[in-house]
Amino acid sequence: MELHKTQQLQIYNSLSKKKETFTPIHEGAIGMYVCGPTVYSNVHLGNCRTFLSFDLVFRYLKHLGFKVRYVRNITDAGHLENDADSGEDRIAKKARIEEIEPMEVVQRYTIDFHNTMAKFNALPPSIEPTATGHIIEQIGIIEEILKKGFAYERNGSVYFDVLKFNESHQYGKLSGRNLEDMIANSRELEGQSDKKNPQDFALWKRAEPQHIMRWTSPWSDGFPGWHLECTAMSTKYLGEQFDIHGGGMDLKFPHHECEIAQSEAFCSKTPVNYWMHANMLTLNGQKMAKSTGNNILPNEIFSGENTVLAKPFSPTVTKFFMYQAHYRSILDFSSDALEAAEKGYNRLMDAINQLDKLPTGNETTMDIAAWKQSCYDAMNDDFNSPILIAQLFEAAKFINSVKDAKASITAEDLATLKTTLHAFVFDVLGLQEVAAGSQNTGKLSGAVELLIQLRNEARANKDFATSDKIRDELATIGIQLKDGKDGTTFSL
RNA sequence: GGCAUCGUGGCCGAGGGGCUAGGCACCGGUCUGCAAAACCGUUUACUCCGGUUCGAAUCCGGACGAUGCCUCCA
């Protein structure tokens with residue numbers, strides 16, 4: 001029997017601001033849409049946190065035995081830097097700066113995004129559609145919304161009529177805003193605008209002559225509005241109503257609000273049952289953002305080439321660090337916090353590596369079944385990875401106690417412990433063993449092994465001057481020797 | 001200014017009316033030729049002021065502070 005029939009999942013729904021028992025529209029199958037990146041520059045760590053949060057969701061839902069269709073888009077159409085009919089298309093801007101085609105920009109940073117997510121061991125989504133690949137679908141939706149009277153055309157652009165929509169629907173229900181307040185607080189738009197009201201948003205924009213990324217439409221040669229692509233692609237691949245829609249907290253307003261409005265205007269149905277928002281990753285207490293430059297690139301973390309961290313950290317440690325915080329909490333990125341996470345991660349992995357060497361006995365001095373359920377309870381409670389990890393450390397402590405003969409475990413319970421640990425650590429959290437290393441490290445380890453051997457000979461002869469010299473000189477190079485019961489190991 | 005979220009021990013971070021996670025650091029122990037590493041054990045807490053309650057870090061109100069959104073952003 002599938003696990004989801006016995007494990008009851010609670011999800012915090014941004015729409016109701018409450019945890020709700022999760023029930024999919026179709027039993028056993030889930031449709032999930034997550035807003036992907038705009039590919040006009042390298043994906044930064046803040047972006048990654050959101051996608052890793054939803055990778056955890058995807059992995060756990062699959063672990064529970066659901067059939068999940070996970071759609072995550074690539075925004076590759078050029079959208080303007082601001083909404084005031086001025087500003088440049090950011091992809092075209094990058095293309096101009098780098099003197100390449102806009103689609104080269106898109107290609108380059110899409111590849112960077114995929115490479116980076118692969119380093120983090122994130123699973124690829126089931127479908128990864130692009131905005132430019134769905135221009136026809138977007139035009140179709142605009143035509144329908146125009147027909148329903150919730151949009152108007154001005155000078156080749158089409159705008160969504162928010163005030164009109166609000167007469168019969170509720171605009172702002174996701175982000176907790178009401179339209180009257182927004183109108184009262186709205187600023188005058190700079191420059192000229194074709195909009196009837198500042199709250200209206202573009203479904204289609206007529207392209208200025210210098211605008212490179214453009215497509216033919218019934219209204220003008222132009223490009224689709226930003227919010228529309230998600231409505232078009234989620235509807236196409238998941239249907240007019242689907243289970244989960246995710247994205248970063250910063251997309252809640254206006255992006256997701258506009259998506260809801262478009263869908264409701266288009267097909268008169270509430271599109272999403274469970275809205276999930278991942279919180280921001282901050283750096284120096286401020287949100288990471290491409291536009292402000294307050295960000296760090298994943299590769300800068302892995303290589304150590306940055307001004308923030310004392311040393312390099314592997315992708316899996318970086319991910320483990322993120323999962324020690326709940327996805328709905330703001331997480332601040334710092335060297336100290338990462339170092340603490342790395343030590344904890346190593347301890348956990350060392351314990352897991354002990355599993356195969358563990359002696360078994362006639363009784364188990366820990367309630368394995370209760371522990372296992374507590375792992376599920378943690379994840380069932382709105383994907384609470386910090387609690388799950390706390391439970392994993394409880395298991396690590398127990399493993400070490402068994403190793404020291406201070407506790408015992410039966411062969412049967414050991415099998416359960418091992419299966420459960422592997423399921424949560426590798427399948428659900430998607431952590432990885434740190435790679436064994438290249439050929440060069442193979443040669444290096446041979447050399448260090450030789451030094452260890454020489455040191456041990458010196459120690460046997462009580463020639464501590466020599467043995468300490470080997471140990472200390474290696475330490476200054478950055479190679480640490482670790483004397484254990486079963487001999488000496490080293491770490492770089 | 002409006003709308004939200006949040007303020008937890010040296011640090012990071014869960015929890016959420018009485019049973020008070022976890023990681024890192026510190027300290028104590030085991031181990032060691034001495035160390036380090038590893039392992040085990042352990043201390044320190046809920047921004048402030050009111051209120052509700054037998055009891056509040058947890059609920060309510062207020063103050064102060066932080067962050068996010070209100071213009072593109074995960």
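Naming: A, B, ... by sequence-line order, numbering from 1 per chain.
Within the 4.0 Å cut-off from OP1 or OP2 of B:C24, at least one side-chain nitrogen or oxygen of A:R347 is found. Checking the phosphate oxygens (OP1, OP2) of B:A74, a side-chain nitrogen or oxygen of A:T38 falls inside 4.0 Å. When the side-chain nitrogen and oxygen atoms of A:K343 are compared with OP1 and OP2 of B:A25, one or more of them lie within a distance under 4.0 Å. Checking the phosphate oxygens (OP1, OP2) of B:C69, a side-chain nitrogen or oxygen of A:K287 falls inside 4.0 Å. A:Q286 has a side-chain polar atom (N or O) that falls below the 4.0 Å cut-off from OP1 or OP2 of B:U67. A sub-4.0 Å separation between OP1 or OP2 of B:A74 and a side-chain N or O of A:K290 is present.
Atom name P, nucleotides B:C24 and B:U42: the rounded distance is 15 Å, in whole Å. As rounded to the nearest Å, B:G15 and B:G9 have C1' atoms that lie 15 Å from one another. Between B:G23 and B:G13, the two C1' atoms lie 8 Å apart (nearest whole Å). Separating the P atom of B:A45 from that of B:G10 is a span of 8 Å, rounded to the nearest Å. Separating the P atom of B:U71 from that of B:A66 is a span of 23 Å, rounded to the nearest Å. Taking atom P in both B:A57 and B:G51, one finds a spacing of 14 Å when rounded to whole Å. Distance noted for atom P between B:C60 and B:U52: 16 Å (whole Å). On the C1' atoms, B:C26 is 14 Å away from B:G41, given to the nearest whole Å.
Between A:Y171 and A:F201, the ring-plane angle classifies as parallel under the 30° and 60° cut-offs. Ring-plane geometry between A:H134 and A:Y237 is classed as perpendicular, the angle between the planes exceeding 60 degrees on a 0 to 90 degree scale with a lower cut at 30.
The side chain of A:I387 has B:G15 as its nearest neighbour among B:G13, B:A37, B:G15. Candidate nucleotides B:A74, B:A14, B:A4 were compared by shortest atom distance to the side chain of A:H44, and B:A74 ranks first. Out of B:G22, B:A36, B:G33, the shortest distance to the side chain of A:R459 is found at B:G33. Relative to the side chain of A:P254, the nucleotides B:G23, B:U67, B:C70 differ in distance, and B:C70 lies closest.
Under the Watson-Crick or G-U wobble criterion, with both distances below 3.5 Å, B:A57 has no partner in any strand shown. The nucleotide B:U71 finds no pairing partner, because no Watson-Crick or G-U wobble arrangement with both distances shorter than 3.5 Å includes it. The base-pairing partner of B:G16, taking Watson-Crick or G-U wobble contacts with both distances under 3.5 Å, does not exist among the strands shown. Across all strands shown, B:G9 has no partner, as no Watson-Crick or G-U wobble contact with both distances under 3.5 Å is found. A 3.5 Å limit on both hydrogen-bonding distances identifies no Watson-Crick or G-U partner for B:A21. Judged by Watson-Crick or G-U wobble contacts below 3.5 Å, the nucleotide B:G41 has B:C27 as its partner. Remark: B:U32 base-pairs with no nucleotide; criterion is Watson-Crick or G-U wobble with both hydrogen-bond distances under 3.5 Å.
In this structure, A:F393 does not count as stacked on the base of B:G23 under the 5.5 Å centre distance and 30° plane angle limits.
In the displayed structure, A:K311 atom NZ is contacted under 6.0 Å by more than 12 heavy atoms of other residues, nucleotides or ligands. A 6.0 Å sphere centred on NZ of A:K17 holds more than 12 heavy atoms belonging to other residues, nucleotides or ligands.
For A:D468 and B:G33, a side-chain-to-base donor-acceptor distance below 3.5 Å is present, hydrogens and geometry of angles not being considered.
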Apply the test ring pair (Phe, Tyr, Trp, His ring centres under 6.0 Å) to residues A:F51 and A:F58: give CA-CA distance (whole Å), side-chain angles for both, the deciding distance (0.1 Å), then the verdict. CA-CA 10 Å; A:F51 302 127; A:F58 182 40; over 10 Å; no

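In this entry the distance linking CG of A:L179 with P of B:C70 reads 16 Å, nearest Å.
Because its NZ or CZ atom is both nearer than 6.0 Å to the ring centre of A:F253 and within 45° of the ring axis, A:R177 counts as a cation-pi partner of that residue.
The residues A:R455 and A:D483 are annotated as salt-bridged, a charged nitrogen and a carboxylate oxygen being separated by less than 4.0 angstrom.
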